[in-house]
Amino acid sequence: MGAHHHTYNFSEQYEFSGKAKTYSLIAIVIGIAAIAFGFLTGHAERTFANLLLMSYYFTCICAAGLFFIAVQFVAQAGWSAGLIRIPQAFAKVLPIASIILVVVVAAGLFSHNLYHHWNHEGITDPTSPNYDALIAGKAGYLNVPFFLTRLVFFLALYCIFAVLLPKLSNNEDLEGGLNSYKKSIKYSAIFLVIFGFTTPIWAFDVIMSLEAHWFSTMFGWYNFAAMWVTGLATIAITVILLKKSGYLGWINENHLHDLGKFVFAFSIFWTYVWFAQFLLIYYANIPEETVYFYKRFEPEYLPWFWVNIVVNFVAPLLILMTRDAKRKTNMLLFVCIVIICGHWLDYYMMIMPGTVESHRGFGIIEVGTFLGFVGLFTFFMLNALSKAALAPKNHPFLQESVHHHI
Amino acid sequence: MASHNESILREPLITGKDITYARITNEVLLPVENKPNKAWWIGFIVSALGALLWVGAVSYTFYYGIGTWGLNKTVGWAWDITGFVWWVGIGHAGTLISAVLLLFRQNWRNSINRSAEAMTIFAVICAATYVVSHMGRPWLAYWPLPLPNQFGSLWVNFNSPLVWDVFAISTYFSVSLLFWYTGLLPDIATIRDRATGLKRRIYSILSFGWTGSVKTWQRFEAVSLILAGVSTPLVLSVHTIVSMDFATSVIPGWHTTIFPPYFVAGAIFSGFAMVQTLLLIARKVLGLENYITMFHIESMNKIIVLTGSIVGVAYLTELFIAWYSGVEYEQYAFLNRISGPYWWAYWCMMTCNVITPQLFWFKKIRTSIPISWVLSIIVNIGMWFERFVIIVTSLHRDYIPSSWAMFYPTWVDISIFVGSIGLFFTLFLLFIRVLPSVAMAEVKLLVKTSSEQSKKKLLDAGVIKPEEAEYYKESLTKFDSVDQADYAKI
C-alpha cells in the first residue's frame, strides 16, 4: 500500500473522435433504418414495443448513473471517486433519454400502439361493448392526462438532480474547497428519497400498466433491480473500454474488483426479487395473478422465460464468483456485456407479452432498435464525458480512491 | 478506509488521548475481570424476574395447552407468531453488521459487531422458544425435521414454508453462532492470558488453543470472510422465508409479492433499533464512549432512517396496489386495517416506523443520545405492531362475516411476551460479564489510522489542507467523548 508513487494527470480529458464517434453514429443510423423498416412493413405495434423497451432501458441506465453518484456521496464512499466522472456522464444524458421516453410513450398512447389495454375507447363506459369493469375501477389513476403528468413530473425531478450533481462536481474542479462536496451530500440525500419513493410508480406506469389487469407489489423493486444491475454493468464496461484506450491510469484492478462485486451482488439481488415474485404467485395460484406468468408460459415465450434466468443469474454467479474473475478486465467485460444483453431479454419478457402477445418477433426491428439506442447512449454519453476532466481533481476522497487496495 | 491514505474527513472511530493497545484491553475487559456493580445487579435481577415469568407462563402453557392463550377459531395465530417474527427480525442486525458491513469494508462495525452478534443469538433463541411453545406439544418438537420415521410414509410437508423456516432459522442460528464464536477466539485468548486459576483453565479451553501466530491470524481472516460471504445470503433468506409463512397463503393482506424484501428491510430496521437501545446504555454503563462513539450512533441512526423509509415505501406500495388491483377482498383488508376496529394498531405502526424515524433527518436529533434512545424504543414498539397488524387484522375479519372476531390476549400471552424480553436481557447481561462486549482485536486495528489521536497527529504536523482540517474539527463538535478544548487552539 502506498508504495507506488505514480504521478497521474488528473486533468486528462477524453477526446471524443475517431472510431467511437463513427461507430456510434453508424449504430444510430442502423437504428433509424430498423425503426423505419418496422413502420413501413406494417409492424407499427411491434416497433413501438421495441421503442418503448429501448427508451425505457436507455433512461434507466442514465438514472442508474445518477443513483450511483448519489449513493457514493451519501455513503461517503472513497473508492469510487476516481471513476465518478463516468456515472456523471450517464446522468448528464438523462434529460435527453427522458425526452425520448416521454415522446415514445405519448406517441404510443395517442396512436393506440401502446397501453391500449387501458386506453381504449369506451373501456370505462358501462354501456359500451368495450366496457371493462376492472379497468374502469382504475380509471382514476390510469387515464391519459394523469399518466403523462406523472411520467413527465418524475423524470423532470430526476433531471434537476442529473444537472445539479455534475454541475457541483464541475464547480469543485474550478474552485476547490469543500462547498461542492457538502452540497452534493445534501442534494444526493434529497434525490435518493425522491427516487426511492417514485421509481416503483414509474415502473407500475410505464411497464406494468401494459397489462393493466395484472398487479404485483414487487414489480417496482423488480424493475429497480434490473435498472441498478445494468447501470453498474454499463459503468464497468465504460471504465474498461476507456482504460483499454489508454485513459484512467489511476483506475486499476482493485476498482474493477469492486465494480465486479457490485455486478455480482446485484445480479443475485435481481434474481432474488424475480424469484420471490414468481414463487409467491406460482404458489398461491390466484388466477388474477397467474395470468401474467400464464402468458409467459405460452410456447412463444417459455424457452426465453428460462433463458432469462440462466443469463442474468447463472452466468454472473458462476463466472464472477472468484476474486480473479472480477479482477480480470476481459472476463468482467464479457460478463457485463452478457448482463446488458440479458436484461434486454428481461425487459422483452416484461413488455412483449402485453403488447404484441403471441406475434412476437426477433429480427431486424429488435436488433436494429437495440443497436440504435446503444449508439445513441454511447454518442451522448461520450460527448458528455469529453466535456470535463476524467478525474474530479479536487474531490476530497480522490487520494483514497487512487490508493484503493483490496 | 483504514489505509494510510485515509481522508481526514472521515470521523474518528476511536476517540480519546493516549489510547494504547493495553488501554483498550483494560477498558474492554473491565466488566469481565471485576465484580459487577450495582447497576448490573439491578438490571440482572429485574431481567431474571422477567425470565422467571417466562418460565412460569410457558410451563403453564405446556401443562394446560395453548387454549390458555387468547386465540379463537377466527384468530388462530396472534401474539405467538407476532412475538416470533419480532424476535427473528431483531436478530438480523447482528449478521448485517458483522457480515454485510464487513463485505462493504465499513470499519466502524468493529466496535459494535460483537454485542450486535450476541444480540442476534439471544434474539434467535427467544424466537425459537416461541416456535417450540406454540407447538403445544413440545415433546414432539422433532416432528418438523425430516427424520426417517416409523409413521409409514409420513414425512414433513416440504411444500410448507413453515418447514422451510425450520431449516432457515436453524441454519441461521448455527452460522451466526459460528461467526460470533470465531470472532471471539482472539479475545478469549486475551482473557486467558490475563487470568489465573480455574478461570484461566476455562478460558483456555474456550480459546481453542489460539496462539496469535501469523498463520492463525491469516486463517482467522480467511474464515471471517468466508463466513461473511455465507451469512449474507443466509440473513436475507431467513426473513424472506419468514415472510413466506404469510405471503404464500391466499389471505388478503398476507399474500403480496413485495413481502420478502420488505420483511428483510423491516428486520434490519428493528435490529438496528435494538442495537441502538442496548448500546446507548452499555457504552455509558461500561464506560465505552471512546469506542462506541457519536459516529457509530449517528451511522446507526442513518441506517434506521434508510430502512424505515424502505419499509415506508413498502407500506405505501401495498396500500396502493390493494386499491389498484381491483380485488375487493384485498381492498377491504387494507380499508379495515386503516379504519377498522384495529385502526389504532395500524396508525401506531405507521407513526412509529415511518413517521417518527424521519426525525433522524435532523442532525441535532440523530446526534442526541436521549432522543436516539427514545426513538429506538419507538421503532421497537412500531415493529411489534407491524407484525400484529399484518397477522391479526388480516385474520380477524375473514371471508365469512358471521365468524368475524376480535383478539384479546390472556395473561399467558402477555407473560410469555414480557418474559421473553426478560430472557433476552438476562442472556445479554450475562454475556457482558463473561465475554468482551467489544471486539478488542478488531478495534485495535483502527488505532493507527482511524483514531482521534492519529488524526490529531496529522493536524499537528500541518500536512492537512486548512479547509479539510476545519471540516474535520467541525465534525468533532458533536462527539461527547472528545475534549473540545484540544482543538480550540489548532
Side-chain angles (χ1 to χ4, degrees), chain A residues 1-2 74-76 78-79 133-138 141-142 176-179 181-182 189 192-193 196-197 199-201 204 213-222 261 265 268-269 272-273 275-281 283-286 288-289 396-406, chain B residues 1 3-11 103-106 159 161 229 232-233 236-237 240 243-244 247-251 254-262 264 299 302 305-306 309-310 312-314 316-328 330-331 358 361 465 467-468 470-471:
Chain A
M1 267 192 285
V74 169
Q76 292 166 17
W79 71 277
L134 258 181
I135 301 290
K138 305 177 194 209
Y141 181 79
L142 286 182
L178 291 167
N179 273 336
Y181 173 71
K182 286 186 217 167
L192 289 178
V193 173
F197 276 88
T199 44
I201 307 174
F204 293 153
H213 281 169
W214 184 74
F215 55 90
S216 166
T217 41
M218 184 73 106
F219 203 77
W221 289 354
Y222 170 50
K261 282 195 269 192
I268 296 172
F269 178 72
Y272 166 68
V273 174
F275 178 72
Q277 176 173 273
F278 175 73
L279 177 82
L280 291 175
I281 291 176
Y283 194 113
N285 205 13
I286 304 173
E288 56 260 35
E289 289 185 349
F397 292 141
L398 187 59
Q399 283 307 315
E400 276 191 16
S401 177
V402 170
H403 295 95
H404 182 53
H405 181 93
I406 48 172
Chain B
M1 293 212 247
S3 83
H4 297 287
N5 297 291
E6 181 173 310
S7 166
I8 190 80
L9 298 193
R10 299 208 183 276
E11 291 165 19
L103 295 181
F104 277 102
R105 296 188 297 271
Q106 297 294 305
N159 291 336
T232 302
L236 298 181
S237 79
T240 294
S243 82
M244 287 175 180
T248 48
S249 72
V250 291
I251 307 285
W254 285 9
H255 175 70
T256 177
T257 49
I258 207 171
F259 253 37
Y262 145 47
V264 171
S299 301
K302 284 178 182 171
V305 70
L306 168 72
S309 303
I310 294 176
V313 173
L316 296 177
T317 305
E318 270 190 328
L319 214 55
F320 169 68
I321 293 290
W323 172 79
Y324 177 90
S325 70
V327 180
E328 54 185 314
E330 201 68 39
Q331 290 175 340
Q358 302 302 326
W361 285 105
K465 285 187 202 160
E467 72 266 18
E468 298 200 349
E470 208 45 54
Y471 185 98

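Because only heavy atoms are used, hydrogens play no part in the values below, and waters and symmetry mates are left out as well, while side chains stay in. Naming: A, B, ... by sequence-line order, numbering from 1 per chain.
- Proximity of A:P200 to B:V313: side-chain heavy atoms (C-beta onward) are separated by under 4.5 Å at one or more points.
- Annotation for A:G78 and B:R10: closest pair N-NH2, 3.4 Å, computed over non-hydrogen atoms.
- Contacts of A:I406 with chain B are made by side-chain atoms alone, with heavy-atom separations under 4.5 Å and no backbone atom involved.
- A:V193 places a side-chain heavy atom less than 4.5 Å from the side chain of B:W361.
- Heavy atoms of B:S249 lying under 4.5 Å from chain A belong exclusively to its backbone.
- Contact annotation for A:L142: only side-chain heavy atoms (C-beta onward) come within less than 4.5 Å of a heavy atom of chain B.
- Remark: aromatic rings of B:Y324 and A:F204 are distant, center separation not under 6.0 Å.
- By the 4.5 Å heavy-atom criterion applied to side chains, A:F275 and B:P260 are not counted as neighbours.
- Taking the side chain as every heavy atom from C-beta outward, A:W221 and B:I310 approach each other to under 4.5 Å.
- Between the side chains of A:T217 and B:T257, at least one donor-acceptor pair of N or O atoms lies under 3.5 Å.
- Checking side-chain atoms of A:Y283 against main-chain N and O of B:N159 turns up a donor-acceptor pair under 3.5 Å.
- Residue B:I8: no heavy atom, backbone or side chain, is found under 4.5 Å from chain A.
- In terms of heavy atoms, B:P261 sits closest to A:M218 at CD-CE, 3.3 Å.
- Residue A:L280 holds its CG atom at 9.5 Å from OG1 of B:T240, rounded to the nearest 0.5 Å.
- In this structure, no portion of A:L398 lies under 4.5 Å from any heavy atom of chain B.
- Residue contact with chain A, scored on non-hydrogen atoms closer than 4.5 Å, involves the side chain of B:V264 exclusively.
- If you measure heavy-atom distances from B:K465 to chain A, you find no contacts under 4.5 Å at all.
- Taking CH2 of A:W79 as the reference point, atom CZ of B:F104 lies at 10.0 Å (rounded to 0.5 Å).
- Looking at A:P396, both its backbone and its side chain come within 4.5 Å of chain B, counting heavy atoms on both sides.
- Contact of B:Y262 with chain A is made through backbone and side chain together, with heavy-atom distances under 4.5 Å.
- For a residue to count as touching a neighbouring chain, one of its non-hydrogen atoms must lie under 4.5 Å from one of that chain's; by this rule A:Y181 touches chain B with the side chain only.
- When heavy atoms are compared at a cutoff of 4.5 Å, A:Y272 approaches chain B solely by way of its side chain, counted from C-beta outward.
- With a 4.5 Å cut-off on side-chain heavy atoms, B:S325 and A:K138 do not count as touching.
- A side-chain contact (heavy atoms from CB on, under 4.5 Å) with B:S7 is found for exactly one of A:E400, A:Q399, A:Q76, namely A:E400.
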Item to check | Verdict with supporting geometry, A:K182 and B:Y471, side-chain contact (heavy atoms from CB on, under 4.5 Å) | outcome: CA-CA 10 Å; A:K182 286 186 217 167; B:Y471 185 98; 3.5 Å; yes

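- Looking at A:E288, only its side chain comes within 4.5 Å of chain B, counting heavy atoms on both sides.
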Next on the checklist: Determine whether B:M244 and A:L279 satisfy the following criterion, side-chain contact (heavy atoms from CB on, under 4.5 Å), listing intermediate values before the conclusion.
Outcome noted: CA-CA 10 Å; B:M244 287 175 180; A:L279 177 82; 3.6 Å; yes

Item to check | Full working for side-chain contact (heavy atoms from CB on, under 4.5 Å) between A:F269 and B:L236 | outcome: CA-CA 10 Å; A:F269 178 72; B:L236 298 181; 5.8 Å; no

Item to check | Pair A:L178-B:L9, side-chain contact (heavy atoms from CB on, under 4.5 Å): steps then yes or no | outcome: CA-CA 10 Å; A:L178 291 167; B:L9 298 193; 4.0 Å; yes

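- Neither the backbone nor the side chain of A:V74 comes within less than 4.5 Å of any heavy atom of chain B.
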